[in-house]
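First the structure, in the form of structure tokens, and then the observations on it.
FYI, side chains are in, hydrogens and waters are out, and symmetry mates aren't considered; it's all heavy atoms of this structure.
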Amino acid sequence: MTLRSLYRAGLRRSAPRRSETPQDAADLGDTTPASLRQPVPEAAPRSRSLAGGSLPAEPLRPVVTPRYLWCLDNGHGRLQPGKRSPLLPDGSQFEEWSFNRDIVQRIAAQLDLLGIQYCRVVPEDHVDDFLRERVDRANQKTSELSLPKIYVSVHANAAASNDWNPGVRGIEVWHFPGSSIGMRLASAFQAELMRALPGWKDRGIKSHAIGSKRIFYVLRNTQMPAVLTENGFYTDPDETRLLMTSEIRERIAAAHVAAICRIEHEDYDGIPFWPLSMTVGE
């Protein structure tokens with residue numbers, strides 16, 4: 001059964017929302033609207049391990065009353081230099097801009113089936129890093145349903161240089177430093193990615209130190225909770241070959257969708273912090 005057929009299963013109504021509850025002062029950096037704070041008590045369906053990985057054991061529930069507008073950012077553009085693997089022996093090459101767009105396209109196709117509200121921040125290809133513009137677009141975007149926003153930036157990772165660096169591998173999700181909301185959102189994505197990619201290295205959820213100049217631009221300047229997913233290393237030749245396959249890309253996209261569904265149905269309040277969490281210095 002394909003993911004698409006899994007997601008077409010019957011509609012169930014969501015549980016009613018609880019009243020709003022305050023967040024701690026650590027979240028002030030997110031400038032989070034109060035309307036974000038509306039958890040529902042009913043848990044979304046969990047997953048079980050399937051051959052070769054983990055996919056939903058039962059259909060993900062469509063959303064009757066959307067909770068958020070998801071700003072999906074496929075980081076980098078065709079015109080940005082670098083962001084490519086060295087050539088593989090067969091002459092092929094991994095290009096991050098193409099990978100990121102493919103993942104976001106797959107995510108968007110599933111969100112359409114589930115009734116989840118989203119926007120593609122940078123649908124065009126012929127751009128460079130486009131940092132200021134992508135953040136401005138997300139900040140200025142408004143929801144027809146007056147929904148609060150969450151920003152998800154999709155990437156593949158690279159070691160210190162774009163040369164081959166075998167053995168540096170794995171999955172990590174970044175959040176704004178000091179934000180418990182960001183940590184819970186990152187934890188949801190890390191949990192689903194590790195479930196979908198058993199055997200891949202768990203690099204945990206991460207943030208730069210508070211005040212660091214290295215905090216990712218999209219995490220520092222978006223006026224909403226935001227996470228940045230790093231889905232494997234294209235500087236490791238073995239991981240690069242996997243990232244170039246449709247099967248692994250489908251698993252990565254499905255993991256993002258599962259995390260989004262979990263947050264839509266449960267909100268983020270009850271999501272436990274991922275056990276592997278680290279702060280990167282200056």
Can a salt bridge be assigned to the pair [X] and [Y] using a cut-off of 4.0 Å between side-chain N and carboxylate O?
{"X": "D73", "Y": "R120", "result": "no"}
{"X": "R132", "Y": "D136", "result": "no"}
{"X": "E247", "Y": "R106", "result": "no"}
{"X": "R84", "Y": "E95", "result": "yes"}
{"X": "R184", "Y": "D269", "result": "no"}

For [Y], does its backbone N or O pair with a side-chain atom of [X] as donor and acceptor, under 3.5 Å?
{"X": "K206", "Y": "V173", "value": "no"}
{"X": "N139", "Y": "R134", "value": "no"}
{"X": "N100", "Y": "G75", "value": "yes"}
{"X": "T240", "Y": "D236", "value": "yes"}
{"X": "E192", "Y": "A259", "value": "no"}
{"X": "T245", "Y": "L242", "value": "yes"}
{"X": "Q190", "Y": "I171", "value": "yes"}
{"X": "T235", "Y": "A159", "value": "yes"}
{"X": "D102", "Y": "S98", "value": "no"}
{"X": "R251", "Y": "S246", "value": "no"}

Considering non-hydrogen atoms only, spot the tightest contact between [X] and [Y] and give its length.
{"X": "A196", "Y": "A255", "answer": "CB-CB, 3.9 Å"}
{"X": "W164", "Y": "S85", "answer": "CH2-CB, 4.1 Å"}
{"X": "P66", "Y": "L145", "answer": "CG-CD1, 4.1 Å"}
{"X": "R214", "Y": "G281", "answer": "NH1-O, 4.0 Å"}
{"X": "S187", "Y": "I271", "answer": "CB-CG2, 4.2 Å"}

Between [atom1] of [X] and [atom2] of [Y], what distance do you get to the nearest 0.5 Å?
{"X": "L60", "Y": "R262", "atom1": "CG", "atom2": "CZ", "result": "12.5 Å"}
{"X": "L219", "Y": "S153", "atom1": "CG", "atom2": "OG", "result": "7.5 Å"}
{"X": "E264", "Y": "I116", "atom1": "CD", "atom2": "CD1", "result": "5.0 Å"}
{"X": "L111", "Y": "L113", "atom1": "CG", "atom2": "CG", "result": "9.0 Å"}
{"X": "C261", "Y": "L114", "atom1": "SG", "atom2": "CG", "result": "4.5 Å"}
{"X": "W174", "Y": "S207", "atom1": "CH2", "atom2": "OG", "result": "7.5 Å"}

Does the pair E124 and V122 meet the rule for a side chain to side chain contact (heavy atoms under 4.5 Å, CB included), with working shown?
CA-CA 6 Å; E124 63 267 45; V122 189; 4.0 Å; yes

Please check if [X] and [Y] belong to a single hydrophobic cluster, counting links between Ile, Leu, Val, Met, Phe, Trp and Tyr side chain heavy atoms closer than 4.5 Å.
{"X": "V280", "Y": "V168", "value": "no"}
{"X": "M244", "Y": "L87", "value": "no"}
{"X": "I263", "Y": "I252", "value": "yes"}
{"X": "W97", "Y": "F99", "value": "no"}
{"X": "V121", "Y": "L79", "value": "no"}

Between the side chains of [X] and [Y], is a donor N or O closer than 3.5 angstrom to an acceptor N or O?
{"X": "N231", "Y": "R249", "answer": "no"}
{"X": "E239", "Y": "W200", "answer": "no"}
{"X": "Y68", "Y": "D267", "answer": "yes"}
{"X": "H256", "Y": "T229", "answer": "yes"}

Full working for side chain to side chain contact (heavy atoms under 4.5 Å, CB included) between F130 and R137:
CA-CA 11 Å; F130 216 49; R137 288 182 183 185; 3.5 Å; yes

May I have the step-by-step check of side chain to side chain contact (heavy atoms under 4.5 Å, CB included) for R169 and D238, ending in yes or no?
CA-CA 9 Å; R169 303 175 180 175; D238 293 332; 3.1 Å; yes

Does the side chain of [X] reach to within under 4.5 Å of the side chain of [Y], using non-hydrogen atoms?
{"X": "R101", "Y": "V104", "answer": "no"}
{"X": "S179", "Y": "P225", "answer": "no"}
{"X": "N74", "Y": "V154", "answer": "no"}
{"X": "I107", "Y": "I260", "answer": "yes"}
{"X": "C71", "Y": "M224", "answer": "yes"}
{"X": "L72", "Y": "C119", "answer": "no"}
{"X": "F189", "Y": "L228", "answer": "no"}

Evaluate the side chain to side chain contact (heavy atoms under 4.5 Å, CB included) criterion for residues F273 and S180: first the C-alpha distance (whole Å), next the side-chain angles of each, then the deciding distance (0.1 Å), finally the verdict.
CA-CA 9 Å; F273 295 130; S180 65; 4.2 Å; yes

Check side chain to side chain contact (heavy atoms under 4.5 Å, CB included) between L276 and all other residues, then give those that pass, not counting sequence neighbours.
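Side chain to side chain contact (heavy atoms under 4.5 Å, CB included) list for L276, sorted by chain: D202, W274, M278.
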
Considering the options H76, K83, E230, E172, which one meets the side chain to side chain donor-acceptor pair (under 3.5 Å) requirement together with H155?
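Exactly one pass, corresponding to H76.
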
Does H208 have its ring centroid less than 6.0 Å away from the ring centroid of F216?
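Close enough - the centres of the two rings lie under 6.0 Å apart.
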
I'd like to know whether CD of E144 has more than 12 heavy-atom contacts from other residues, nucleotides or ligands below 6.0 angstrom.
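No, CD of E144 has 12 or fewer neighbouring heavy atoms, counting only those of other groups under 6.0 Å.
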
ring-ring contact (aromatic ring centres under 6.0 Å, His included) pairs, two or more places apart, involving residues 227-247
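Qualifying pairs: F94-Y234.
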
